[in-house]
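Okay, so here's the structure we're looking at.
In what follows, every heavy atom counts, from backbone to side chain, and hydrogens, waters and symmetry copies are set aside. When a ligand or atom number is given, it counts from 1 through the structure's own listing order.
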Amino acid sequence: MDVETHPATNPPQRDPSSRPIPIILQYPSTTPPYLITQGAEALLYRSTYLLPSLQCALKYRPSKPYRHPILDARLTKHRILSEARVLAKCRREGVPVPAVYALDEAAGWLMIEWIEGEVVRVKLNEWLKRRKEEGVMEGQDDGELVGLMGRVGGAVGRMHAVGVVHGDLTTSNLMLRPRKGEENGDAVEGKMLDGEVVLIDFGLSSQSTFDEDRAVDLYVLERAFGSTHPRAESLFKEVLSAYGKSFKGASVVLKKLEDVRMRGRKRSMLG
Ligand SMILES: Nc1ncnc2c1ncn2[C@@H]1O[C@H](COP(=O)(O)OP(=O)(O)OP(=O)(O)O)[C@@H](O)[C@H]1O
Ligand SMILES: [Mg+2]
């Protein structure tokens with residue numbers, strides 16, 4: 001089935017590329033669902049299933065034919081429920097994450113608020129490219145990037161403060177939502193990195209207040225920024241400085257991060 005053309009009756013189970021379609025998207029809504037990404041585990045659709053005026057993101061975890069069916073069903077259920085639980089907790093506590101609208105853990109889907117904007121990885125690459133084209137020297141005039149790093153640190157700190165660790169903190173799992181009045185992304189000239197940082201993808205998250213788990217989250221993020229650009233890596237201290245101010249106990253986590261880094265270095269030396 002072409003996900004953009006929506007049959008009302010007798011819907012087939014798969015689209016032409018043989019991607020499975022969750023049952024809920026096989027029934028008519030005002031606009032057809034649109035496939036945004038296909039990761040290793042999940043398919044992400046944009047849909048207006050609930051209301052014509054309300055976009056939502058539908059994360060679908062199809063069953064894996066290579067996994068034992070009972071194990072597979074149990075794993076999918078667990079992931080969906082734990083992602084929803086953590087999102088609800090973050091939301092309740094004011095951590096910037098998408099709202100949960102609906103779910104069916106047995107059918108393998110989770111419907112959440114659609115976040116406008118782009119993931120930080122894309123925005124950061126666009127920004128770096130534009131500066132290169134404009135001939136701006138590295139390290140010069142990077143207040144915008146410093147600002148973004150600070151907002152990232154603050155958001156991660158707020159999440160940790162409520163007892164949640166993300167488990168997969170990469171620049172693809174952080175979104176930049178334009179603030180009201182800048183819906184066209186970089187409509188405000190030169191302010192490409194503006195916007196509110198929203199944390200997404202809690203599929204590997206857990207509820208923990210262990211400093212070690214929090215430090216590993218920061219380490220993963222540091223590596224992710226480092227693989228984007230060396231300049232972004234050197235500015236990671238801005239993330240850490242904002243993180244350090246974001247909750248009581250953050251400084252212990254920063255200390256722990258040094259141990260985690262050391263272990264990481266040793267491991268990479270051993271190959
Ligand atoms: N609520 C949302 N609003 C807008 N876009 C989203 C939303 N959630 C996810 N996306 C987009 O879809 C992509 C994939 O989503 P997500 O990171 O949740 O899935 P995944 O990495 O495939 O899942 P997992 O790692 O849990 O198996 C994101 O990088 C982002 O571009
Ligand atoms: Mg992801």
Nearest atoms (heavy-atom pairs only) where V119 meets S172 = CG1-O, 3.4 Å
K77, NZ atom: more than 12 neighbouring heavy atoms under 6.0 Å | no
Check ion pair R130-E144 (N to O, under 4.0 angstrom) = no
Checking heavy atoms under 4.0 Å, the part of R46 that sits near ligand 1 is neither
Salt bridge present between D211 and R214 (N-O < 4.0 angstrom) | yes
Please state which protein non-hydrogen atom is closest to atom 12 (O) of ligand 1 and give its distance, to 0.1 Å?
-> L44 CG, 3.3 Å
Tell me, which pairs form a salt bridge (charged side-chain N to carboxylate O under 4.0 Å, His left out) where one or both residues lie in residues 55-67, sequence neighbours left out?
-> E41-R67, K59-E83, K59-D201, R61-E83, R67-D72
Measure the distance from atom 6 (C) of ligand 1 to every protein heavy atom, then report the residue, atom name and distance (to 0.1 Å) of the closest one.
-> M175 SD, 3.9 Å
Can you list the atoms of ligand 1 that are under 4.0 Å from a heavy atom of N173?
-> 17 (O)
Intermediate values then yes/no, side-chain hydrogen bond (donor to acceptor under 3.5 Å, both in side chains), H166 and N173 = CA-CA 10 Å; H166 188 280; N173 290 335; 4.7 Å; no
Specify the protein heavy atom at minimum distance from atom 21 (O) of ligand 1: its residue, its atom name, and the distance to 0.1 Å.
-> D201 OD2, 2.8 Å
Of V120, D168, I115, the residue with the heavy atom nearest atom 3 (N) of ligand 1 is I115
Is the shortest distance from a Lys or Arg side-chain nitrogen in K123 or E126 to a carboxylate oxygen in the other one below 4.0 Å?
-> yes
More than 12 heavy atoms from other groups under 6.0 Å of CD1 on I70 = no
R177/E196 salt bridge by N-O under 4.0 Å criterion | yes
At a 4.0 Å threshold, what atoms of ligand 1 neighbour a non-hydrogen atom of A57?
-> 1 (N), 2 (C)
Flag yes if more than 12 heavy atoms outside R223 fall under 6.0 Å of its CZ atom; otherwise flag no.
-> no
In ligand 1, the atoms that come under 4.0 Å of a heavy atom of R61 are 24 (P), 26 (O), 27 (O)
Residue, atom name and distance, where the atom is the protein heavy atom closest to atom 31 (O) of ligand 1 | V119 CG1, 3.5 Å
May I ask you to identify the nearest protein heavy atom to atom 22 (O) of ligand 1, giving residue, atom name and distance to one decimal place in Å?
-> G39 CA, 3.9 Å
Considering all heavy atoms, the nearest L199-L174 contact = CD2-CD2, 3.3 Å
Mark the output for Q38 as yes if a heavy-atom distance to ligand 1 is under 4.0 Å, and as no if none is.
-> no
Report the part of L204 in contact with ligand 1, treating N, CA, C, O as backbone and CB onward as side chain, heavy atoms under 4.0 Å; options are side chain, backbone, both, neither.
-> neither
State, to 0.1 Å, how close S246 and R158 come at their nearest heavy-atom pair, and which atoms those are.
-> OG-N, 4.4 Å
Among E116, E41, K59, the residue with a heavy atom nearest to atom 23 (O) of ligand 1 is K59
Please list, in chain and residue-number order, the protein N/O/S atoms closer than 2.8 Å to the Mg ion (ligand 2).
-> N173 OD1, D201 OD2
Protein residue, atom and distance nearest to atom 29 (O) of ligand 1, heavy-atom basis = S172 O, 3.2 Å
Any N/O pair W114/ligand 1 closer than 3.5 Å | no
Looking only at protein heavy atoms, identify the closest one to atom 1 (N) of ligand 1 and say how far it is in Å.
-> E113 O, 2.8 Å
D104 side chain to L110 main-chain N or O, any donor-acceptor pair under 3.5 Å?
-> no
Nearest protein heavy atom to atom 13 (C) of ligand 1, by residue and atom, and its distance?
-> T37 OG1, 3.5 Å
If we number the atoms of ligand 1 from 1 as shown, the ones under 4.0 Å from a heavy atom of I112 are 1 (N)
At their closest point, which heavy atom of V97 faces which heavy atom of V198, and how far apart are they?
-> CA-CG1, 3.8 Å
